[in-house]
Structures are given as C-alpha cells and as structure tokens.
Amino acid sequence: MSTIQVLKPKFHVDECLDQIRECLEQGWTGMGFKTVEFEDAWKKYTGHPHAYYINSDTVGLHLAVKILKMQNGWQDGDEIITTPITFISTPHSILYENLHATFADVDEYLCLDPVDVEKKINEKTRAVIFVGYGGRVGQLDKIIELCKKRNLKLILDAAHMAGTKVNGVCPGTWEGVDVTVYSYQAVKNLPTGDSGMICFANEENDKIARQLAWLGINKDTYARSNAGTYKWKYDVDYVGYKYNGNAVMAAIALVQLKYLDEENARRREIVKKYNDAFKDNKNIGIIGAPHADECSYHIYELTVPDREALLAELAKHDIYGGVHYRDNTEYSMYLYANGTCPYAHEVSQHLITLPLHMWLTDEDVEKVIKVVNDYLK
Ligand SMILES: Cc1ncc(COP(=O)(O)O)c(C=O)c1O
C-alpha cells in the first residue's frame with residue numbers, strides 16, 4: 001500500500017538539473033545570474049513592476065516591515081494588524097522590528113475579516129498584513145479600501161498565492177498593496193528548496209530591499225563582476241542582512257514556473273472532486289474561495305467535528321492529513337491576544353488539511369474521499 005502524503009512537491013527533475021548544471025559550469029551559484037533571470041520571469045508572469053529574489057518569505061516579511069517602518073517614521077511599539085490563522089513567520093515579522101502584533105478575526109474564507117480589522121485599529125496602528133490563506137484572495141479588496149481610508153500600509157503575505165489570479169490579474173499587483181511577499185519553500189506551489197520573492201510597488205523601497213538583503217552594501221556582487229572585473233569599491237549604508245537568494249534555487253524556480261499554471265489547474269480539479277464529494281456530508285464544513293476558478297489552492301482544508309479522530313482514521317489507511325494552522329494566539333508568546341479572535345479560535349480547532357499535490361492520482365483522491373465520507377457518515 002503506498003502512502004498518501006498531505007503535501008509533496010513534484011520537480012521536473014531533468015530540466016532542473018540542466019538549469020543547475022549551467023550554474024555549476026558557469027561557476028556562478030550565488031546571487032545573480034539565474035536569480036536575475038528568475039526575477040525577470042516572475043515580473044513578466046505576475047505583472048509586478050519590481051521583484052527581488054530572497055532566501056524565504058519569512059525574511060521578505062521582515063524586510064517589508066522594516067522598510068515601511070524606516071520610510072514612514074514608525075516608532076517602536078506601533079501596531080500592525082494581522083491574522084491568527086497563519087504560519088508563525090507572519091506575526092514574528094512584526095516583532096522583529098519591535099512593533100506590536102494585534103490580531104483580528106478571520107472570515108468564512110479564513111482570511112482577515114475587514115469588519116474586525118476596522119474594530120482593531122487605534123491611533124498606534126500603522127499597517128495590516130493580509131495572508132492569502134490557501135491561495136485565497138478573501139476580501140482583500142475591502143482591506144485595501146480600509147487601509148486607504150485609515151491611512152495604513154498594506155503588506156500581502158502571498159506565501160500560498162503563487163499563481164492566484166482574479167480576472168487574470170495577480171492580486172499582489174492591485175493598487176493599494178504596498179508590498180507582496182511570495183514563498184518558494186520546499187512544499188509550496190512553486191517549490192525550490194527555500195526561497196522567496198519580495199515585490200514592492202515602489203521603486204525606492206525595492207532598491208532599499210536589495211541593499212538591506214545584501215548586508216547594506218550598495219552594489220551587488222553580480223553587478224560588480226558583470227564587466228569582467230570584480231569591482232571592490234562599494235559603500236555600506238545600513239546594518240543589513242544576508243537575505244539574498246541564490247542561483248541554484250533560482251535555476252529550479254525557473255523550471256517550476258513554466259508548469260505553475262498547469263499544476264494549479266490540476267489542484268483546482270482535485271479541489272472540485274473533494275468539494276463535490278463532501279458537499280452533502282453534514283459533518284463536514286467546506287471552506288469556500290472567492291474566484292475559486294483562479295485560486296492557487298496551496299492546501300485543501302475542511303472543518304470536522306473531531307479532527308484528531310479523523311487524522312488517526314486516515315493514518316490507518318496510510319493517508320496523512322495535516323493542520324494549517326493552530327490559532328497563533330495559543331502560542332506562549334502571543335498568548336496576550338488569546339480570546340481576541342473568537343471565530344478563528346473556534347474554527348482552528350476543527351481544521352484538517354487533506355492531501356493536495358501533483359503526485360495524487362484520481363484513485364488516490366477517490367480513496368481519501370471514501371475514507372473521510374465513510375468515517376464521517
Ligand atoms: C502563510 C505563510 N507565511 C509565511 C511562510 C514562510 O515562508 P518561508 O518558509 O518561505 O519563509 C509560510 C510558510 O509555510 C506560510 O505558510
């Protein structure tokens with residue numbers, strides 16, 4: 001019996017190896033070369049005017065918060081509102097910069113609820129970090145309006161959103177989103193090993209991001225070596241970080257990007273099979289998605305009465321589910337906010353993630369459906 005995992009990346013191995021071989025033969029595996037090629041390919045694919053390749057979404061969120069704080073004169077202790085239904089990188093990026101993470105509740109799509117966000121705004125609020133949960137766009141349009149009305153900056157954590165579109169347009173490019181950060185971590189829709197992209201709407205912020213991610217140095221190594229001579233004379237304007245991406249990861253990303261739309265279409269096909277099979281089961285709650293026909297569907301989740309019991313039942317059949325995510329206000333360091341997002345708290349106790357990836361055959365999907373429906377009938 002073969003195991004059915006909850007998430008499993010599928011690489012186009014020979015093409016990836018060809019791209020990596022080019023890096024090795026050229027003697028260029030660090031920042032530059034394929035990273036520049038991939039930035040250009042990503043800009044073309046998404047429509048973002050700027051894109052800087054970094055080593056993860058986590059560091060991109062940190063850069064986003066840091067640069068907006070620097071550029072807008074925010075003070076330590078100022079607040080950013082985000083969701084408790086996310087990976088811990090999201091609230092941590094606020095704390096890295098000595099700001100306060102305020103949590104607002106989620107809506108039926110498990111994305112930030114604009115009504116609760118508005119209630120959580122006070123005189124210290126400076127920004128919102130919206131997470132496109134499972135690739136969903138949620139009510140991002142309303143959050144954009146709210147941020148404009150209340151003069152707040154907007155960061156989009158698009159870790160799950162590679163390939164999500166609305167009427168053919170990537171929501172991260174919508175006017176009013178100040179910066180969008182993507183993840184190409186090992187199990188994401190566009191998997192590498194670890195890497196990400198930070199896409200500022202504003203050119204100056206993009207420039208600062210490039211410098212801050214490269215230790216504050218004002219010329220990158222690739223640019224310095226381009227003319228054939230390695231120019232050593234540069235200046236250092238900031239205490240920067242080593243957050244840059246590298247050519248080997250970008251080589252993989254370039255290949256995976258070619259297949260992203262096709263693979264997201266297969267994800268939607270699987271989601272439709274699941275949704276059709278579960279919609280009449282009164283023990284199962286399906287999480288909807290606006291613009292479902294263009295959603296990247298990074299993960300597939302349901303709400304069920306007893307999640308632990310279903311996980312155990314699936315495991316008996318060699319099917320492994322998961323949980324995305326625990327309410328972040330249950331973690332020790334965010335306990336101060338526990339109780340502030342009642343819907344998120346309730347729903348997070350019932351969430352279960354079912355297998356969704358490119359290795360699943362239709363028979364695998366049927367098997368998952370049968371085990372779930374038989375157990376919860
Ligand atoms: C919503 C969300 N934000 C941020 C991250 C962090 O991404 P990375 O692993 O690229 O740092 C993840 C990764 O799992 C995520 O799911």
Side-chain angles (χ1 to χ4, degrees), residues 5-9 35 38 42 51-66 80-96 101 103-104 106 109-112 127-138 140 143 154-164 171-172 177 179-199 209 213 241-246 249-250 252-253 256-257 260 267 287 289 295-301 322-329 331 334 341 344 348 351 353 356-357:
Q5 289 175 216
V6 63
L7 302 168
K8 183 176 175 182
T35 68
F38 183 55
W42 190 250
Y52 176 56
Y53 190 58
I54 46 181
N55 64 41
S56 69
D57 177 293
T58 304
V59 304
L61 291 173
H62 178 206
L63 287 175
V65 171
K66 184 176 189 74
I80 295 184
I81 298 174
T82 195
T83 167
I85 305 290
T86 184
F87 188 57
I88 203 68
S89 304
T90 319
H92 275 10
S93 68
I94 301 169
L95 271 61
Y96 290 154
F103 293 90
V106 296
Y109 311 117
L110 304 183
C111 294
L112 275 176
V128 173
I129 304 182
F130 185 95
V131 176
Y133 179 85
R136 292 169 178 79
V137 68
L140 180 62
I143 298 282
L154 178 54
I155 298 169
L156 177 60
D157 180 351
H160 300 179
M161 294 180 92
T164 288
V177 178
V179 51
T180 302
V181 187
Y182 297 91
S183 174
Y184 313 120
Q185 178 266 345
V187 297
K188 294 296 189 291
N189 291 42
L190 196 161
T192 60
D194 258 316
S195 59
M197 193 75 88
I198 183 164
C199 303
Y241 306 88
K242 193 148 187 293
Y243 282 175
N244 60 283
N246 69 65
M249 289 299 115
I252 299 174
Q256 298 297 123
L257 175 58
L260 181 62
R267 285 174 183 272
I287 314 296
C295 179
S296 65
Y297 280 116
H298 171 53
I299 44 179
Y300 182 81
E301 53 294 317
V323 175
H324 296 85
Y325 295 93
R326 262 179 83 190
D327 168 5
N328 283 194
T329 72
Y331 295 125
Y334 294 105
C341 303
S348 74
L351 279 177
T353 307
L356 178 57
H357 50 77

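One-based numbering, in listed order, for ligands and for the atoms of each. One is the number of the first residue; the rest follow in order along the sequence. All values below come from the heavy atoms of this structure, side chains included, with hydrogens, waters and symmetry mates left out.
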So what's ligand 1 close to, N/O to N/O, under 3.5 Å?
from	atom 1	to	atom 2	distance (Å)
ligand 1	3 (N)	D157	OD1	3.4
ligand 1	3 (N)	D157	OD2	2.7
ligand 1	10 (O)	D57	N	2.9
ligand 1	10 (O)	S183	OG	2.7
ligand 1	11 (O)	D57	N	3.4
ligand 1	11 (O)	T58	N	2.9
ligand 1	11 (O)	T58	OG1	2.5
ligand 1	14 (O)	K188	NZ	2.8
ligand 1	16 (O)	H160	NE2	2.8
ligand 1	16 (O)	Y325	OH	2.8

Legend entry - Residue pair F130 / T180, side-chain heavy-atom distance below 4.5 Å: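 No, side chains not in contact.
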Inset, instruction - Could I get the full list of side chain to side chain contact (heavy atoms under 4.5 Å, CB included) partners for L7, not counting sequence neighbours? - result: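 Checked L7 against side chain to side chain contact (heavy atoms under 4.5 Å, CB included); matches are V187, I299, H324.
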[X] ring center near [Y] ring center (under 6.0 Å):
{"X": "F103", "Y": "Y334", "result": "yes"}
{"X": "W42", "Y": "Y182", "result": "yes"}
{"X": "Y184", "Y": "F38", "result": "yes"}

Legend entry - S195-T192 side chain donor-acceptor pair, cut-off 3.5 Å: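 Their side chains do contain a donor-acceptor pair, which is all the 3.5 Å distance test asks for.
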